[in-house]
Amino acid sequence: MRTPLMAGNWKMHKGPGEAINFLNGLSDAVADVEDREVLICPPFVDIYALGRMLRKSETPIKLGGQNLYPAEEGAYTGETAPPMLKECNCDYVILGHSERRHVFEEDDSFINEKVKAARQYDLIPILCVGETEPQRDAGQAEEVVSDQIRGGLTDVEINSADELVIAYEPVWAIGTGRTATPDDAQAMHAHIRTILTDLYGEGIANGVRIQYGGSVKPHNVDELMAQPDIDGALVGGASLEVGSFERIVKFEA
Ligand code: PGA
């Protein structure tokens with residue numbers, strides 16, 4: 001069975017002081033969680049301190065980056081290399097988030113380079129995909145998501161299901177308080193699993209976790225997680241407070 005992956009994407013929130021306090025609080029709150037994986041993806045400036053804390057503790061919380069640059073090192077001012085994330089105790093990295101696609105104009109081929117770099121350095125990519133509202137209204141949602149997945153995963157070798165996570169995040173649901181209905185989300189997740197089957201075969205496709213993201217909150221997480229192909233959540237706003245993120249991690253489906 002797929003172990004749910006409950007992830008917080010802090011985006012550009014919390015400096016190191018606040019991040020350390022948060023991790024102390026969350027560690028206590030989820031100490032008894034066993035049947036799900038808990039992940040936080042903080043800003044880069046927090047990662048070293050949090051990585052050290054996690055290395056010394058028994059907590060099941062894992063760490064991920066929000067982005068990377070696809071090179072081992074070099075003259076790339078302002079960027080972060082995959083081995084740096086590894087050294088700071090990251091297991092995961094979010095790639096192709098809609099804010100990267102829309103604010104920073106990243107396209108599928110650049111995201112594809114990043115996914116390859118993540119795999120090369122043994123980081124698990126969380127590849128984010130999702131349609132805009134006009135694309136959904138025009139009936140293009142499945143095609144858009146399919147193109148993003150095939151583009152992001154071109155020539156990416158996946159040998160076991162735990163080497164990849166997909167996050168379906170409809171752009172119109174991110175930070176808006178509007179969530180996809182559980183049925184619409186489930187339909188898209190099933191579609192994504194069909195694409196993964198085509199790319200990697202049924203064995204791997206059935207094991208890859210597909211997260212839902214876009215205004216996941218304590219009040220709607222249970223019905224989303226009850227869907228058979230929703231294997232976790234990528235949570236923005238509601239991951240910034242220990243209490244609300246704890247409730248999301250402890251969903252009841
Ligand atoms: P949100 O963000 O939960 O604030 O909608 C989700 C995301 O962008 O990953």
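FYI, side chains are in, hydrogens and waters are out, and symmetry mates aren't considered; it's all heavy atoms of this structure. Note that ligands are numbered from 1 as they come in the structure, with each ligand's atoms numbered from 1 the same way.
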Consider only side-chain N and O atoms of [X] and [Y], and report whether a donor and an acceptor are under 3.5 Å apart.
X: Glu131; Y: Tyr168; result: yes
X: Glu37; Y: Tyr92; result: yes
X: Ser160; Y: Asp162; result: yes
X: Asn112; Y: Thr154; result: no
X: Lys114; Y: Asn67; result: yes

**Asked** Which protein residues have a heavy atom under 4.0 Å from ligand 1?
**Response** Asn9, Lys11, His97, Glu169, Ala173, Ile174, Gly175, Gly214, Ser215, Leu234, Val235, Gly236, Gly237

**Prompt:** Would you say Leu95 and Arg100 make side-chain contact, with heavy atoms under 4.5 Å?
**Reply:**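 Not touching, per the 4.5 Å side-chain cut-off.
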
